[in-house]
Every structure is written in C-alpha cells, then in structure tokens.
Colleague: 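This is the structure, below, for whatever I ask next.
Every value quoted in this text rests on a predicted model; they were computed, and no experiment measured them.
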Amino acid sequence: MCGIAGLAGGDAIRHEKTIAAMGALQHYRGPDGTMHAAAGDGRAVLAMNTLLIVDPQAMPGPYLDRATGLLLAFNGEIYNWRQQAAAWGIEVHERESDAHFLLRAWAKIGPSCLDGLDGMFALALYDPRIAKLFLARDRLGEKPLYWRLDGGRLAFASEVTTLTRYGPAPLVLRPEVTAIETPTGVDTPFQGIQLLAPATLLTFDTTTSSIDQMAWWHLEDRAPFTGTYTEALAKFSTALAEQIPLRVPGCDFALLLSGGLDSAVLAYLMRPPVCVTVRYQGQDRLDESSTAKVIARDIGAELIVVEPNHVDFTTVLPHMMRALDYPMGNASTFSEHMAYRKISDLGLRVVVGGLGPDEFLMGYVRQALVLFGPDAVLAAGMDAYKPLAAKLMHAADEPLDPAEAVTRLILRGPDPQGRVRALAADAFDRAGGDLARGLTLADLATAWRPLVMTSDKLASA
C-alpha cells in the first residue's frame with residue numbers, strides 16, 4: 001500500500017512545502033518512507049508514501065529518469081513487469097522494482113505502455129519535455145486517485161482528505177448517496193474534487209492549464225467467449241493457475257479467508273502462511289470459520305479467527321469513520337476493519353483478499369434473480385431471499401426490463417433523480433444485449449466502488 005500526492009502548474013515549485021505536507025498527511029500509506037521531489041523545470045512536485053513489497057531493499061519513490069527528466073509517483077504493483085521488461089527491451093537493474101520499469105517504459109513508448117500492464121495501480125508522471133502531467137488508474141480502479149483544479153494548477157492525492165486540506169471543498173450531498181449509500185461515477189461529497197475514473201488517462205498541460213481525459217481500456221470491448229461450458233471452465237482454470245501465482249507477495253502476508261469459493265481458490269494457489277477469518281457470537285448461520293479451518297489445515301497455514309463484539313464496534317467506529325473519509329455502502333466494513341487490525345498487530349504489512357469473482361461470475365443472488373427470475377430462484381431452495389425476490393413483483397405477462405430489475409434489487413433508499421436507474425440502463429446499453437455482461441457492468445458502476453475503496457482505505461489506515 002503506497003500513496004501519492006502532488007501539484008502541477010507553472011509555479012508548482014513555489015508550493016513545494018505544501019506538497020511535502022500533503023505527503024505527510026498520508027504517511028501511514030507508506031511505512032518505508034515519505035518523500036517528495038520537484039521536476040527539473042519546477043512545473044511539478046510529486047510526493048510518495050512508499051511500502052516496499054517487490055524488493056524490500058529498493059529505493060523509495062518518487063522516481064526520476066535522469067536521461068529524460070521524467071518524474072514518477074506510483075501506488076500499486078505491476079505483476080508482469082519482468083516479462084514486459086524483457087519483451088520491450090527495458091533494462092532493470094538490481095535493487096530496482098516495477099516502478100523503475102514503468103518509468104523507463106513510459107520514457108520509451110509513452111502512455112501506450114498502459115495497455116501492456118497487468119496490475120493494480122494509480123500513477124502520476126510528469127514529462128518536462130512537453131510540460132505535461134499524466135494521471136492514470138488501473139482497469140478496474142483498484143487503487144484510488146483524486147484530483148482538483150486550483151486556478152492554473154492541478155492537485156492530486158490518494159486520499160480525498162489530503163485534497164480537502166489543500167484548499168476549501170464544501171460538502172455536497174450527492175443524490176445517489178440516499179439510494180445506495182455511496183457516490184457514483186467520479187463524484188465525491190466534496191465540491192471540486194473528483195475521483196479519476198478507472199482505466200482513465202488524464203493529461204494536464206501546465207503551459208495552457210488544459211485537461212484531456214481518455215479511457216485507455218473498455219471492458220465491453222472484450223470479445224465474449226464462444227466455446228462450451230466445459231471449454232470455458234478449462235480456460236478459466238488455466239488462467240487462474242497462471243495468473244494468481246504472479247500475485248503472490250514477495251514477503252510474509254495474510255489472506256482474508258471466508259468459506260467462499262473466491263478466497264478458497266486464492267488460498268490453495270497462493271499458499272499464505274496466515275489466514276484470517278471473522279465470525280460473530282450467536283450468528284451461526286453466517287459463521288464460515290469451520291470451512292476456513294479445513295482450508296487452512298489443507299495448505300498448512302495458521303488460521304486466526306477474529307470475534308468482534310459490540311464493545312469493539314463502539315470503540316473503533318470513530319477510527320473507521322476517519323479512515324473512510326465519506327460514506328461507503330459496504331456491509332462488511334466493520335469485519336474488514338477488525339481483520340486488518342489483527343493482521344497489523346501480527347506485524348504483517350501485506351494482506352490479500354478476493355474481490356471481483358461475484359461481479360464477473362454471477363455470484364450474487366440478485367444476478368440469478370435477473371437471469372432466471374424470482375420463481376426459479378425460490379424453487380431452487382433459496383427461500384431466505386424471498387424479501388429480495390419480492391422487489392421484482394410486477395404485472396403479470398409484462399416482462400421486467402433488466403435495468404429496472406437491477407435498480408429495484410440494489411436500491412436501499414430513494415433515487416430522487418434516477419441516477420442509479422440511469423447507471424443500470426447505461427450498463428445494459430453498453431453490454432449490447434448480453435445480459436450477464438450487463439449485470440457485470442451494472443455492478444461495476446454501482447456496487448464495485450465501495451468494495452475496493454473500503455478495502456484500500458481501511459487497510460492503509
């Protein structure tokens with residue numbers, strides 16, 4: 001977990017102390033040091049909070065390419081950096097990491113290098129040759145990056161509160177917060193501060209103060225699989241076996257382990273030394289610790305069971321609120337926080353969790369309700385979901401529009417301006433008639449952001 005912050009503009013160097021202070025506000029994101037650096041032309045100052053994972057002996061950022069003057073602040077990890085370095089003919093020296101590779105890749109081929117990166121990241125790169133700052137996020141937005149304009153300057157940071165302390169940012173109630181408890185799109189509850197969208201490249205010209213944004217990847221452009229189910233299962237299994245080991249941290253780490261399929265697959269393929277699960281006294285229906293115990297025993301891992309209570313909740317609530325910055329519609333917030341606290345107490349700095357399979361593999365009951373209808377789901381023995389299925393009641397013989405069905409299932413309050421309904425409709429339009437793809441896109445537009453943002457914020461805090 002790293003953090004980045006900075007400022008670009010014609011007089012950025014005059015605000016160097018401010019950027020240093022912005023980096024210091026996020027110090028907990030980088031236990032291996034917080035540093036800042038100014039570009040050679042004085043038009044950008046970047047700060048970075050460094051957590052060294054790829055190589056504990058590597059130099060902390062920001063990173064400078066002396067040949068070109070490029071300056072990089074980087075949060076995240078590129079899993080295929082060694083393979084891409086060989087493919088692109090980029091030399092990486094001992095005690096250097098994926099960040100050094102990225103800096104040289106950008107110097108060699110520019111922003112198009114993003115297409116070849118397999119990882120989770122948020123980056124800021126300043127190129128003094130053209131006096132432009134580039135901000136970019138990974139395909140699914142696993143790492144956060146906020147930005148705001150200040151006259152002819154652009155400020156950015158990994159934490160929204162870092163930018164609220166940079167300058168005034170009045171609170172704004174986004175209408176969708178009443179509907180799903182989380183802002184959507186690029187909006188935040190702070191006027192003038194935006195979240196850079198996933199898979200987006202922002203370019204800021206420090207000479208003209210102009211901004212250009214472009215999406216460098218689209219999920220809906222991926223060609224659908226056309227083989228049989230057996231062929232799909234074989235291909236997916238191969239992809240998991242090849243890709244997950246690339247994501248194994250190069251240090252001791254813990255895995256958040258439930259009784260679910262996603263974290264179980266990670267456990268068997270990553271072989272973590274420590275697994276952590278959470279259970280609550282008197283909630284046997286939700287207790288998956290027995291399954292977690294079997295998995296941990298199979299892989300020879302230590303299993304730690306965290307059992308929070310109401311006293312823990314009242315004690316840690318203020319800290320959770322500060323860490324989250326603004327409302328996040330995530331039912332597992334407290335459980336995650338207590339798990340991260342325990343992992344931190346163990347002296348471990350890296351934790352792995354499984355996010356995404358439900359969104360991409362139709363793992364939610366609400367997706368089954370849309371795909372097969374409430375009658376089929378209830379007939380399959382899922383009576384516990386009758387209240388959810390009841391939301392799809394409508395006039396007989398009138399098919400329910402998928403976007404309307406999804407909206408009914410995810411709303412937790414009023415949607416006065418129809419923001420959530422519009423997001424769902426847009427998702428199905430972009431899916432081009434593929435119902436499952438539309439469900440994935442709808443989840444990414446509504447439910448995904450609080451999941452990844454909660455994990456990032458609570459783990460870093």
Colleague: For Q191, which residues count as a side chain to side chain donor-acceptor pair (under 3.5 Å) partner, sequence neighbours excluded?
Modeller: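 In terms of side chain to side chain donor-acceptor pair (under 3.5 Å), with neighbours along the sequence ignored, Q191 is linked to no residue.
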Colleague: Is it true that the side chains of T440 and E359 contain a donor and an acceptor less than 3.5 Å apart?
Modeller: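 There is no such pair (donor and acceptor under 3.5 Å, judged by atom type) between the side chains of T440 and E359.
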Colleague: Is there a side-chain hydrogen bond (donor to acceptor under 3.5 Å, both in side chains) between T200 and Q213? Walk through the geometry before answering.
Modeller: CA-CA 7 Å; T200 296; Q213 294 191 63; 5.3 Å; no
Colleague: Output all residues satisfying ring pair (Phe, Tyr, Trp, His ring centres under 6.0 Å) with Y63, sequence neighbours left out; order by chain, then residue number.
Modeller: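 If we apply the ring pair (Phe, Tyr, Trp, His ring centres under 6.0 Å) test to Y63, skipping adjacent residues, the hits are H100.
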Colleague: Could you tell me whether the side chain of F134 reaches within less than 4.5 Å of the side chain of L201, counting heavy atoms only?
Modeller: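 Sidechains of F134 and L201: in contact.
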Colleague: Taking side chain as C-beta onward, heavy atoms only, is L72 less than 4.5 Å from W106?
Modeller: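 Side-chain contact under 4.5 Å: no.
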Colleague: In terms of ring plane angle, is the pair Y146 and Y326 parallel, tilted or perpendicular, where the classes change at 30° and 60°?
Modeller: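 Y146 and Y326: perpendicular rings.
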Colleague: For Y280 and S335, work out which heavy atoms get closest and say how close.
Modeller: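 What the structure gives for the nearest pair is OH-OG, 2.6 Å.
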Colleague: Can you run down the salt bridge (Lys or Arg N to Asp or Glu O under 4.0 Å) pairs that involve residues 101-116, sequence neighbours left out, and say none if there aren't any?
Modeller: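 Sorted result for residues 101-116: E96-R104.
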Colleague: With a cut-off of 3.5 Å and sequence neighbours excluded, list every side-chain donor-acceptor pair involving residues 341-354.
Modeller:
| residue | atom | partner | partner atom | Å |
| --- | --- | --- | --- | --- |
| R349 | NH1 | D32 | OD1 | 3.1 |
| R349 | NH1 | D32 | OD2 | 3.3 |
| R349 | NH2 | D32 | OD2 | 3.1 |

Colleague: Taking it one step at a time, do R430 and D426 satisfy salt bridge (Lys or Arg N to Asp or Glu O under 4.0 Å)?
Modeller: CA-CA 6 Å; R430 288 186 287 124; D426 176 69; 2.9 Å; yes
Colleague: Would you check if the side chain of W448 reaches a backbone N or O of L140 as a donor-acceptor pair within less than 3.5 Å?
Modeller: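 A pair under 3.5 Å: yes.
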Colleague: On a heavy-atom basis, which atom in L51 and which in P31 lie closest, and how many Å separate them?
Modeller: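 Closest approach of L51 to P31: CD1-CG, 3.6 Å.
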Colleague: State which residues pass side chain to side chain donor-acceptor pair (under 3.5 Å) with D429; sequence neighbours excluded, sorted by chain then number.
Modeller: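 Partners of D429 by the side chain to side chain donor-acceptor pair (under 3.5 Å) criterion come out as none, since no residue qualifies.
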Colleague: Mind checking ring pair (Phe, Tyr, Trp, His ring centres under 6.0 Å) for W88 and listing every partner two or more places apart, or none if nothing turns up?
Modeller: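 With neighbours one apart ignored, the set is F101.
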Colleague: Is it the case that more than 12 heavy atoms not belonging to F236 sit under 6.0 Å from its CZ atom?
Modeller: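 Check fails, neighbour count at 12 or below.
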Colleague: Determine all donor-acceptor pairs shorter than 3.5 Å in which one atom belongs to a side chain in residues 258-265; sequence neighbours excluded.
Modeller:
| residue | atom | partner | partner atom | Å |
| --- | --- | --- | --- | --- |
| S258 | OG | G260 | N | 3.0 |
| S258 | OG | S263 | OG | 3.3 |
| S263 | OG | S258 | N | 3.1 |

Colleague: Please check if the distance between the ring centroids of F313 and F334 is under 6.0 Å.
Modeller: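 Yes; F334 has its ring centre under 6.0 Å from that of F313.
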Colleague: Do any N or O atoms from the side chain of R174 and from the backbone of D187 form a donor-acceptor pair under 3.5 angstrom?
Modeller: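 Answer holds: no.
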Colleague: Check side chain to side chain donor-acceptor pair (under 3.5 Å) between Y79 and all other residues, then give those that pass, not counting sequence neighbours.
Modeller: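 Expected list: none.
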Colleague: So, using salt bridge (Lys or Arg N to Asp or Glu O under 4.0 Å) as the criterion, who are the partners of D443 when residues are at least two apart?
Modeller: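 So D443 forms a salt bridge (Lys or Arg N to Asp or Glu O under 4.0 Å) with R366.
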Colleague: Could you pull out every donor-acceptor pair under 3.5 Å between side chains of residues 372-386 and any protein atom, sequence neighbours left out?
Modeller:
none

Colleague: With sequence neighbours left out, what residues match D127 under salt bridge (Lys or Arg N to Asp or Glu O under 4.0 Å)?
Modeller: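 If we apply the salt bridge (Lys or Arg N to Asp or Glu O under 4.0 Å) test to D127, skipping adjacent residues, the hits are R129.
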Colleague: Please list, chain by chain and in numerical order, all residues satisfying side chain to side chain donor-acceptor pair (under 3.5 Å) with E181, sequence neighbours excluded.
Modeller: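 For E181 the side chain to side chain donor-acceptor pair (under 3.5 Å) partners, ignoring immediate neighbours, are R412.
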Colleague: Answer whether the closest heavy-atom distance between the side chains of E159 and S460 falls below 4.5 Å.
Modeller: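 Yes, their side chains come closer than 4.5 Å.
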Colleague: Let's go through E336 and S455 carefully: what are the C-alpha distance in whole Å and the side-chain angles of both, what is the deciding distance for side-chain hydrogen bond (donor to acceptor under 3.5 Å, both in side chains) to 0.1 Å, and is it a yes or a no?
Modeller: CA-CA 7 Å; E336 278 195 61; S455 295; 3.0 Å; yes
Colleague: Check the pair Q243, R247 against side-chain hydrogen bond (donor to acceptor under 3.5 Å, both in side chains), reporting the backbone distance first and the verdict last.
Modeller: CA-CA 7 Å; Q243 294 298 316; R247 286 147 173 78; 3.3 Å; yes
Colleague: Do the side chain of R29 and the main chain of C2 share a donor and acceptor less than 3.5 angstrom apart?
Modeller: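 Flag set: sc R29 to bb C2 pair under 3.5 Å.
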